[in-house]
Amino acid sequence: MQEVIKRYADRIRAAAAEKTTLRLRGGGSKDFYGEVPQGELLDTRDYAGIVAYEPTELVITARCGTPLAELEAALRARGQFLAFEPPHFAPGATVGGMVAAGLSGPRRQAVGAVRDFVLGVRMLDGRGDDLTFGGQVMKNVAGYDVSRPMAGSLGTLGMILEVSLKVPPLPFAEATLKLELPQDKAIEMLNHWGGKPIPISACAWAGGDLSVRLSGAASAIRAAREAIGGELMEPEQALGFWQGMREQTEVFFRTDKPLWRLSVPSATPPLALPGDELIEWGGALRWLASNADARTIREAAAQAGGHATLFRATDKSAGVFTPLAPALLNIHRRLKHSFDPAGVFNPGRMYPDL
C-alpha cells in the first residue's frame, strides 16, 4: 500500500505546485453535505483495509477507503460497534468519509460524537507529507487535540489515510418505548429523564409521538421502563425505526423542503418556526423541514443560544454553515494554512473563503 500513498502524495505536491485544487472523495455518500464540492477528483478508495484490530484493547485502525459496512461487520463479529452510530446514506460510505463528515447518529446523546472516539490519525497534508497524530491505544492521549479536528473538517485540512477508533462492546440489552406527547411536554420529559440514572441511548419526537431507546443491563432497562411508561415496541420494529433515523429514511426525512439541522440547548422550548420538526438527542437537536428563509431560521436558533446548518437543499446560496465571527474565522484560516498552505484540499467546502 506504500505505493498508493506515494501516488497520492505526488498528486498533492503537483496540485500545490500548479496551483490547482483537489476534491477528496470516497464513496460520495455525503457529497450533498456542505458546500458544493470543487476541484479535481482524488478518489480515496484505493487505500482500503483494516490495518489492526485488538478487540481486547477496544481499538480498531482502518484505512480511509475501507467500506464503512465492512468495518462494522468486523466489529459486530466480535461483539463491538461504532457507538456513535455514523450514518452511511449510501452503500459506498467509507471510513475516511465518516470521519471527515463528522456526522453521528441517534446514540450520540449518550456516548458522544465521532471526534470523541478518534484516538489517532495518519494523514497527508497539503505539502504531501505523511503525518501521524495520536495513537492506537486508549491510554495514549498524546495528540488527541491534533487528530480530533479532522472529524468534521470535510477534507479541508488534509487527506485522512488511517484512523484509530475506540470500539466499545454492544449493549447487553435494548428496548424502545413509544409515548404520545405534544412537543413541549416531550422536551420537558426528556430533560427530566436526562437528569436521572436512566439508560436512554436515543430519542426521537415527531408528530406527537416520542420514541425512547433504552440500552444496558436487563435489570436497568426493566427499571427504566417502569419509570418512563409507554408502549413497548417490538424488537424488529424498533431496530428498523432507529436504522431509519440513522440513515434518514424515516417518513419525516422524505421531504422536498430544505432540511435544517438546529443545535440548541436541550431545554429550549418549541421554536415556533414554520415547517415540520423532529427532535433528537434529548432536545438538543432539532430537525426542521421548512421553506422559511435562512435568516429567520438562523435568528431563531441564535436567540435560543444555538446555531443552524442547512443540511440538505438544492439551493445553498444562503450558506450551509452559520457564518463565523471574525475571531473564529481567523482561527480557521490559520489552521487551514498550517495544514494546507497552498489551499489544495476541498476549497470552499465549509466556508466560501476557506
- [ ] State, without any angle test, whether E35 and Y351 hold a side-chain donor-acceptor pair at a distance under 3.5 Å.
- [x] no
Open item on the list: Does K316 have more than 12 heavy atoms from other residues, nucleotides or ligands lying within 6.0 Å of its NZ?
Closed with: yes
Open item on the list: Just verifying a value: how many Å separate L310 CG and I297 CD1, rounded to the nearest 0.5 Å?
Closed with: 8.0 Å
Open item on the list: Under the criterion side-chain contact (heavy atoms from CB on, under 4.5 Å), I'd like the reasoning laid out for H88 against E247: C-alpha separation, chi angles, the key distance, then a yes or no.
Closed with: CA-CA 6 Å; H88 293 219; E247 300 300 332; 3.5 Å; yes
TODO: Verify, without hydrogens or angle tests, whether Q80 (side chain) and P55 (backbone) share a donor-acceptor contact under 3.5 angstrom.
DONE: yes
Open item on the list: One pair to check against side-chain contact (heavy atoms from CB on, under 4.5 Å): M189 and H192. What are the steps and the verdict?
Closed with: CA-CA 5 Å; M189 294 310 299; H192 172 71; 4.1 Å; yes
Open item on the list: Can you confirm whether more than 12 heavy atoms, excluding those of R7, are under 6.0 Å from its CZ atom?
Closed with: yes
- [ ] Any chance you could lay out the side-chain contact (heavy atoms from CB on, under 4.5 Å) test for T44 and I160, step after step, and finish with the verdict?
- [x] CA-CA 9 Å; T44 66; I160 296 169; over 6 Å; no
Open item on the list: When you compare the side chain of V118 with that of M150, does any pair of heavy atoms fall below 4.5 Å?
Closed with: no
Task: Side chains of V121 and T132 in contact at under 4.5 Å (non-hydrogen atoms) - done: no
- [ ] Verify whether one side chain among Y8 and E3 offers a donor that lies under 3.5 Å from an acceptor in the other.
- [x] no
Task: CD (E180) with more than 12 external heavy atoms under 6.0 Å - done: no
- [ ] Report yes or no: do L288 and V251 belong to one cluster of Ile/Leu/Val/Met/Phe/Trp/Tyr joined by side chain heavy-atom distances under 4.5 Å?
- [x] no
Open item on the list: Please determine whether residues L285 and V264 belong to a single hydrophobic cluster, defined as Ile, Leu, Val, Met, Phe, Trp and Tyr linked transitively by side-chain heavy-atom distances below 4.5 Å.
Closed with: no
Open item on the list: Assess whether a salt bridge exists between D116 and K166, defined as any Lys/Arg side-chain N lying under 4.0 Å from an Asp/Glu carboxylate O.
Closed with: no
Task: salt bridge (charged side-chain N to carboxylate O under 4.0 Å, His left out) between R13 and D10, worked out - done: CA-CA 5 Å; R13 293 188 187 107; D10 289 345; 3.5 Å; yes
- [ ] State, with a plain yes or no, whether a side-chain heavy atom of P168 is found less than 4.5 Å away from one of F81.
- [x] yes
Task: Contact summary for E85 and P106, nearest pair of heavy atoms - done: OE1-CD, 3.4 Å
Task: Nearest-0.5 Å distance, CD1 of residue I5 to CE of residue M159 - done: 8.5 Å
Task: Heavy-atom pair with the smallest gap, counting every atom of D43 and G26 - done: OD1-O, 4.2 Å
- [ ] Please report the closest heavy-atom contact between S266 and R286, naming both atoms and the distance.
- [x] O-NH2, 3.6 Å
- [ ] Would you check if I187 and N191 make a side-chain contact, meaning some heavy-atom pair closer than 4.5 Å?
- [x] yes
TODO: For K30 and L154, indicate whether the former's side chain and the latter's backbone hold a donor-acceptor pair under 3.5 Å.
DONE: no
Open item on the list: Tell me whether the rings of F321 and Y33 are parallel (<30°), tilted (30 to 60°) or perpendicular (>60°).
Closed with: perpendicular
Open item on the list: Is it the case that the side chain of D340 and the backbone of H337 share a donor-acceptor pair, with hydrogens and angles ignored and the cut-off at 3.5 Å?
Closed with: no
Task: Side-chain donor or acceptor of R63 paired with backbone N/O of A48 under 3.5 Å - done: yes
Open item on the list: Under the rule for ring-ring contact (aromatic ring centres under 6.0 Å, His included), what residues qualify as partners of F84, not counting sequence neighbours?
Closed with: F117
Open item on the list: When you group the ILVMFWY residues by side-chain heavy-atom contacts below 4.5 Å and let the links chain together, are F252 and L273 in the same group?
Closed with: no
TODO: For R108 and R115, work out which heavy atoms get closest and say how close.
DONE: NH2-NH2, 3.8 Å
Open item on the list: With rounding to the nearest 0.5 angstrom, report the CZ to CD distance, F89 to Q248.
Closed with: 4.0 Å
Task: W281 (side chain) donor-acceptor with A110 (main chain) under 3.5 angstrom - done: no
TODO: Identify the two heavy atoms, one from G275 and one from S290, that lie closest to each other, and give their separation to 0.1 Å.
DONE: CA-CB, 4.1 Å
Open item on the list: Would you say that T66 contacts V95 through its side chain, given a criterion of any heavy-atom pair below 4.5 Å between the two side chains?
Closed with: yes
Task: V4-L161 co-clustered via ILVMFWY side chain contacts under 4.5 Å - done: yes
Counting only pairs under 3.5 Å, give me each side-chain donor-acceptor contact of residues 218-244, with atom names and distances, residues two or more places apart or in other chains.
residue : atom : partner : partner atom : Å
W242    : NE1  : T176    : OG1          : 2.9

Residues 123-131 side chain polar contacts: donor-acceptor under 3.5 Å, at least two apart:
residue : atom : partner : partner atom : Å
D125    : OD1  : R127    : N            : 2.9
D125    : OD1  : G128    : N            : 3.2
D125    : OD1  : D129    : N            : 2.9
D125    : OD2  : R127    : NH1          : 3.3
R127    : NH1  : S338    : O            : 3.2
R127    : NH2  : S338    : O            : 3.4
D130    : OD1  : R122    : NE           : 3.0
D130    : OD2  : R122    : NE           : 3.2
D130    : OD2  : R122    : NH2          : 2.6

Open item on the list: Is there a side-chain contact (heavy atoms from CB on, under 4.5 Å) between L119 and L165? Walk through the geometry before answering.
Closed with: CA-CA 5 Å; L119 293 170; L165 299 159; over 6 Å; no
Scan the side chains in residues 198-211 for donor-acceptor partners under 3.5 Å anywhere in the protein, sequence neighbours excluded, and list what turns up.
residue : atom : partner : partner atom : Å
S201    : OG   : R213    : NE           : 2.9
S201    : OG   : S215    : OG           : 2.7
W205    : NE1  : L181    : O            : 2.8

TODO: Calculate, to the nearest 0.5 Å, the distance between atoms OG1 and CG belonging to T322 and L328 respectively.
DONE: 11.5 Å
Task: By salt bridge (Lys or Arg N to Asp or Glu O under 4.0 Å) - contacts of E72 (at least two apart) - done: R246
Task: Minimum side-chain heavy-atom gap Q183-E277 below 4.5 Å - done: yes
Task: Side chain proximity check, M98 to S29, heavy atoms < 4.5 angstrom - done: no
Open item on the list: Could you measure the distance from the CZ atom of F339 to the CG atom of L157? Nearest 0.5 Å is fine.
Closed with: 6.0 Å
Review item, side-chain donor-acceptor pairs of residues 254-262, under 3.5 Å, at least two apart:
residue : atom : partner : partner atom : Å
R254    : NE   : T249    : O            : 2.9
R254    : NH2  : T249    : O            : 3.0
T255    : OG1  : K257    : N            : 3.0

Task: V114 versus L103, closest heavy-atom pair with distance - done: CG2-O, 3.4 Å
- [ ] Would you kindly confirm whether L22 and V99 end up in one hydrophobic cluster when ILVMFWY residues are joined by side chain heavy atoms under 4.5 Å apart?
- [x] no
Open item on the list: How long is the straight-line distance from CG of N346 back to CZ of R23, given to the nearest 0.5 Å?
Closed with: 8.5 Å
Open item on the list: Do Y53 and L75 make a side-chain contact, defined as non-hydrogen atoms from C-beta onward lying under 4.5 Å apart?
Closed with: yes
TODO: Keeping the roles fixed (side chain from K178, backbone from V212), state whether a donor-acceptor pair exists under 3.5 Å.
DONE: no
